[in-house]
Amino acid sequence: MNVQPSASEPAAAAAVAVPEAVPALDTTGPKDPGPGPGRGTALVPIVLVVAGGLSVQFGSAVAALLMPKAGALGVVTLRLAAAALILLVVCRPKLRGHSRADWGTVVAFGVAMGGMNTLFYQALDRIPLGIAVTLEVLGPLALSVFASRRLINVVWAGLALVGVVLLGGGGFDRLDPVGVAYALGAGAMWAAYIVFSARTGRRFPQADGLALAMVVAAVLSLPLGIWESGAKLTVPSTLALGAAVAVLSSVLPYTLELMALRRLPASTFAVMMSLEPAIAATAGFLILNQALSTTDALAIALVIGASMGAVRSQTGARQPGARKKKG
């Protein structure tokens, strides 16, 4: 599960990776599953990735249902605390033998993780799930465009911008400008998350860094959750739903994506993750009755297309160099 330096920071793959999944995954490429895998075997990792995406976004929908009971900050605290406890039990990370730089990296990773979750749930409390995820994915997309330094990615950035303008519908007050600002802020934190997740993956074995960073994020969110929700966080039904959100949005997706990336190229994984806004819109419609207009659906499609294009162009730029090295 270690993330290798040569493959942990491809901007294309990272640009659409699911939050909190990167450091626990080995993105060095597909593993050999054995001689002569059948068509059914080849579809298994794809099914796992789709299942992970469904788990994340339907978990977010459940979180939206929990917000009236625990508040947005309370939900963040419950999710991060429950996920931290589960990961500590499963990973049992070692606390000794790490340098000051290692701890600085994992703390930065935890801050980015906590900020990303806090801002996203604040957005989710104000705007539809599908639109919130679409705006959030602009952060990783921008990171991909800036890191690639290729002219074609300016086209993809422009396509995403058109999608954002369409979402605005002539004015973001239609969506609640505060919610839009929170979603964009979550996207910026997502980009920071990607950078520090890669560094943490190189410094810590297995998913140890992820577990420790989750603890940092949970500790930082705890005062905010207690301040907003107080004793509401101790209600058994609220605790149960919070644990469900942690499992659906964190623990289960980590496991499914880890299994998938053992046999799936990171570039393919990244392209599939570009579909997150569409999955989120579906979850919002089915669970939260958040129907999208035709214009909103078109805007989401444009951002998805831009994400896929950025991933594909970045992957294509890396392939010639890889062939030369082999020669």
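We use all heavy atoms of the structure for the numbers below, so side chains are in, but hydrogens, waters and symmetry mates are not.
A heavy-atom distance below 4.5 Å is found between the side chains of F204 and L212. Between I226 and T77, every side-chain heavy-atom pair lies at or beyond the 4.5 Å cut-off. A heavy-atom distance below 4.5 Å is found between the side chains of F58 and I287.
Clustering ILVMFWY residues whenever any of their side-chain heavy atoms sit less than 4.5 angstrom apart, transitively, puts V111 in a cluster other than the one holding L73. L85 and L220 sit in two unconnected hydrophobic clusters of ILVMFWY residues. Membership requires side-chain heavy atoms under 4.5 Å apart, directly or through other members. Using a 4.5 Å cut-off between side-chain heavy atoms of Ile, Leu, Val, Met, Phe, Trp and Tyr, with links allowed through other members, L65 and I279 fall into the same hydrophobic cluster. In the hydrophobic cluster analysis, where Ile, Leu, Val, Met, Phe, Trp and Tyr join through side-chain heavy atoms closer than 4.5 angstrom, V106 is grouped together with L95. Tracing side-chain contacts under 4.5 Å through hydrophobic residues (I, L, V, M, F, W, Y), one reaches L119 starting from L135; they form part of the same cluster.
Rounding to the nearest 0.5 Å places OG of S250 at 4.5 Å from CE of M214. Of the inter-residue distances, the one linking D125 atom CG with Y182 atom OH reads 9.5 Å to the nearest 0.5 angstrom. Summarising the geometry, atom CG belonging to L87 is positioned 10.5 Å from atom CG belonging to D208; distances are rounded to the nearest 0.5 Å. With rounding to the nearest 0.5 angstrom, the CG atom of L252 is 10.5 Å from the CG atom of L54. In this structure, OG on S221 lies 10.5 Å from CZ on R79, to the nearest 0.5 angstrom. T134 contributes atom OG1, which lies 10.5 Å from atom CG of L302 (distance to the nearest 0.5 angstrom).
Pairing each heavy atom of A82 with each of A243, the nearest pair is CB-CA, 4.2 Å. Minimum heavy-atom separation, T234 to A231: OG1-O, 2.6 Å. Y121 and V76 get closest at one heavy-atom pair: CD1-CG2, 3.2 Å. Scanning all heavy atoms of the two residues, the minimum distance from L241 to K69 falls at CD1-NZ, 4.2 Å. For E228 against A72, the heavy-atom pair with the smallest separation is OE1-N, 3.2 Å. Closest non-hydrogen pair, C91 versus A207, comes out as SG-CB, 3.8 Å.
Within a 6.0 Å sphere centred on CH2 of W103, heavy atoms belonging to other residues, nucleotides or ligands number more than 12.
D102 and T105 are not linked by any side-chain donor-acceptor pair at a separation below 3.5 angstrom, with hydrogens and angles left out of the test.
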Residue pair V133, F120: steps toward the side-chain contact (heavy atoms from CB on, under 4.5 Å) verdict:
CA-CA 8 Å; V133 173; F120 177 73; 3.8 Å; yes
Before giving the answer on side-chain contact (heavy atoms from CB on, under 4.5 Å), spell out for M189 and E136 the whole-Å C-alpha distance, their side-chain angles and the decisive distance to 0.1 Å.
CA-CA 9 Å; M189 295 303 294; E136 185 190 25; over 6 Å; no
side-chain contact (heavy atoms from CB on, under 4.5 Å) between V303 and V137: does it pass, once the steps are laid out?
CA-CA 8 Å; V303 174; V137 83; 3.5 Å; yes
Can you list the steps and then say if M67 with L124 is a side-chain contact (heavy atoms from CB on, under 4.5 Å)?
CA-CA 9 Å; M67 284 179 186; L124 187 57; 3.9 Å; yes
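Members clustered with L88: V215, V219, by chain and number, using a 4.5 Å side-chain heavy-atom cutoff among hydrophobic residues.
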